[in-house]
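All chains are named by letter (A, B, ...) in the order of the sequence lines, taking the proteins before the strands, and each is independently numbered beginning at 1. As the structure is a computational prediction, the values presented were derived from the model and not from experiment. As a basis for the values below, the full set of heavy atoms in this structure was taken, side chains included, without hydrogen atoms, waters or symmetry mates.
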Protein chains: 2
Amino acid sequence: MQSQKKSAIQPERDIGKQLRAVGITPTQQRVQIAEILFARPQHLSADQILASVNSLGTTASKATIYNTLGLFARRGLIREVIVDPVKVFYDSNTSTHHHFFNLDSGELTDIDADKVVVTNLPELPGDTQLEGIDIIFRVRSSHPHEEN
Amino acid sequence: MQSQKKSAIQPERDIGKQLRAVGITPTQQRVQIAEILFARPQHLSADQILASVNSLGTTASKATIYNTLGLFARRGLIREVIVDPVKVFYDSNTSTHHHFFNLDSGELTDIDADKVVVTNLPELPGDTQLEGIDIIFRVRSSHPHEEN
DNA sequence: TCAGTAAATTAGATAAAGTCTATTTTGTTG
DNA sequence: CAACAAAATAGACTTTATCTAATTTACTGA
Ligand SMILES: [Mn+2]
Ligand SMILES: [Mn+2]
Ligand SMILES: [Zn+2]
Ligand SMILES: [Zn+2]
């Protein structure tokens with residue numbers, strides 16, 4: 001049993017492989033960020049991720065957070081969701097799906113792709129190719145709404 | 001023909017009525033902003049509207065631009081479109097429709113509602129009411145795409 | 001082991017969109 | 001014209017995100 005692997009769970013290794021699989025060198029910071037995001041399907045802002053990383057042992061700078069999130073998104077490990085005018089959400093659920101966005105709470109919720117069926121599609125503008133379709137159901141918490 | 005209306009076109013009056021119809025006092029600045037937006041269906045940023053207003057006779061401050069756009073949106077005269085992470089688009093087309101968003105050029109284009117048919121709708125989360133559905137087709141100008 | 005190198009991280013400056021506050025301007029009404 | 005309310009304004013401020021120049025880390029090959 002000398003030079004054998006330890007039997008303890010090594011999630012870091014797993015994530016390391018996941019990152020290498022898409023050509024990303026798994027640094028300490030990147031692994032931390034990935035661990036947070038990939039723990040479960042969720043929607044986090046850069047700020048939340050920064051806070052989360054720095055609440056654990058290792059810290060990462062704001063610049064690294066943004067660099068890493070951009071890199072992960074370009075490599076398809078996460079998805080950027082633009083629904084809130086003030087900040088981007090990073091979505092660790094990369095399967096095709098849609099969103100409820102609660103305008104009152106700012107909460108973002110997943111909708112399974114098969115819950116929404118789009119039958120008729122428009123033809124694309126000349127010389128463009130489709131990158132993706134975003135469907136957002138904007139909802140309000142139903143208490144008597146004001147206007148003005 | 002003494003106290004009769006002049007025969008010249010008076011678009012200001014028209015816009016004045018449109019504003020009053022939704023309970024907005026038509027001030028000089030608001031009318032200017034409305035004239036620019038309502039000239040045709042289009043997607044403009046606050047910055048573009050500010051520049052446009054100030055290139056004409058009357059000027060308006062940044063604060064007034066934002067106040068007015070917010071007011072118009074709340075009263076349903078225009079629609080806010082959230083697709084670009086860095087700025088909001090104000091859409092003078094308030095009929096139900098969807099959008100192409102060209103990620104390369106930042107250009108936003110309308111899609112008639114009847115070009116896209118959504119057959120299956122998800123049930124809303126408990127105690128929320130639907131405010132609207134946004135469907136965005138993200139496209140790229142088709143030249144060999146880079147990654148990294 | 002260690003020098004050499006490239007990749008990654010970092011602090012902090014900077015940029016841009018949008019909001020807020022205190023003040024002034026404008027318009028209305030008696 | 002006086003009194004008042006609504007609207008506009010300058011500029012300070014906040015927040016998200018990017019950029020830059022310097023430092024740190026990690027890998028490679030002798
Ligand atoms: Mn904003
Ligand atoms: Mn942004
Ligand atoms: Zn999602
Ligand atoms: Zn539109």
Return the nearest nucleotide to the side chain of [X]; candidates are [options].
{"X": "A/Asn67", "options": "D/dT9, C/dT10, D/dT16", "answer": "C/dT10"}
{"X": "A/Val88", "options": "C/dA11, D/dA17, C/dA8", "answer": "D/dA17"}
{"X": "A/Ala63", "options": "D/dT16, D/dA10, C/dA11", "answer": "C/dA11"}
{"X": "B/Lys62", "options": "C/dG18, C/dT9, D/dA7", "answer": "C/dG18"}
{"X": "A/Tyr66", "options": "D/dA10, D/dT18, D/dA12", "answer": "D/dT18"}
{"X": "B/Lys87", "options": "C/dA8, C/dA17, C/dA11", "answer": "C/dA17"}
{"X": "B/Arg30", "options": "C/dA8, D/dA17, D/dA7", "answer": "D/dA7"}
{"X": "B/Gln29", "options": "D/dT18, D/dT9, C/dA11", "answer": "D/dT9"}

Nearest whole angstrom, please: distance from the [atom2] of [N] to the [atom1] of [X].
{"X": "B/Ile24", "N": "D/dA7", "atom1": "CD1", "atom2": "P", "result": "10 Å"}
{"X": "B/Leu50", "N": "D/dG11", "atom1": "CG", "atom2": "C1'", "result": "14 Å"}
{"X": "B/Leu69", "N": "C/dA17", "atom1": "CG", "atom2": "C1'", "result": "13 Å"}
{"X": "B/Ile65", "N": "D/dA7", "atom1": "CD1", "atom2": "P", "result": "16 Å"}
{"X": "B/Tyr90", "N": "C/dA17", "atom1": "OH", "atom2": "P", "result": "12 Å"}
{"X": "B/Ile33", "N": "D/dA7", "atom1": "CD1", "atom2": "P", "result": "13 Å"}
{"X": "A/Leu71", "N": "D/dA17", "atom1": "CG", "atom2": "C1'", "result": "17 Å"}
{"X": "B/Gln28", "N": "D/dA6", "atom1": "CD", "atom2": "C1'", "result": "15 Å"}

Judged by atom type as modelled, is there a donor-acceptor pair below 3.5 Å linking the side chain of B/Asp104 to the main-chain atoms of B/Ser141?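 Present.
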Using modelled atom types only, decide if a donor and an acceptor are shared between the side chain of B/Thr59 and the backbone of B/Asn54 within a distance under 3.5 Å.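 Flag not set: sc B/Thr59 to bb B/Asn54 has no pair under 3.5 Å.
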Check A/Ile111, A/Val83, A/Thr109, A/Asp110 against A/His99 for a side chain to side chain contact (heavy atoms under 4.5 Å, CB included) and give me the one that passes.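 That would be A/Asp110; it is the only one of A/Ile111, A/Val83, A/Thr109, A/Asp110 passing the side chain to side chain contact (heavy atoms under 4.5 Å, CB included) with A/His99.
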For the pair A/Phe89 and A/His43, name the ring-plane relationship: parallel under 30°, tilted 30 to 60°, perpendicular over 60°.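 Ring orientation of A/Phe89 relative to A/His43: perpendicular.
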Spacing of B/Arg138 atom CZ and A/Leu130 atom CG [to the nearest 0.5 Å]: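 B/Arg138 CZ to A/Leu130 CG: 8.0 Å, rounded to 0.5 Å.
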Which part of the nucleic acid does [X] contact within heavy-atom distance under 4.0 Å: base, sugar-phosphate only, or nothing?
{"X": "A/Thr64", "result": "base"}
{"X": "A/Ser45", "result": "nothing"}
{"X": "B/Thr68", "result": "nothing"}

Within less than 4.0 Å of OP1 or OP2 of D/dA26, is there a side-chain N or O belonging to A/Thr25?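 It does not, given that no N or O in the side chain of A/Thr25 lies less than 4.0 Å from OP1 or OP2 of D/dA26.
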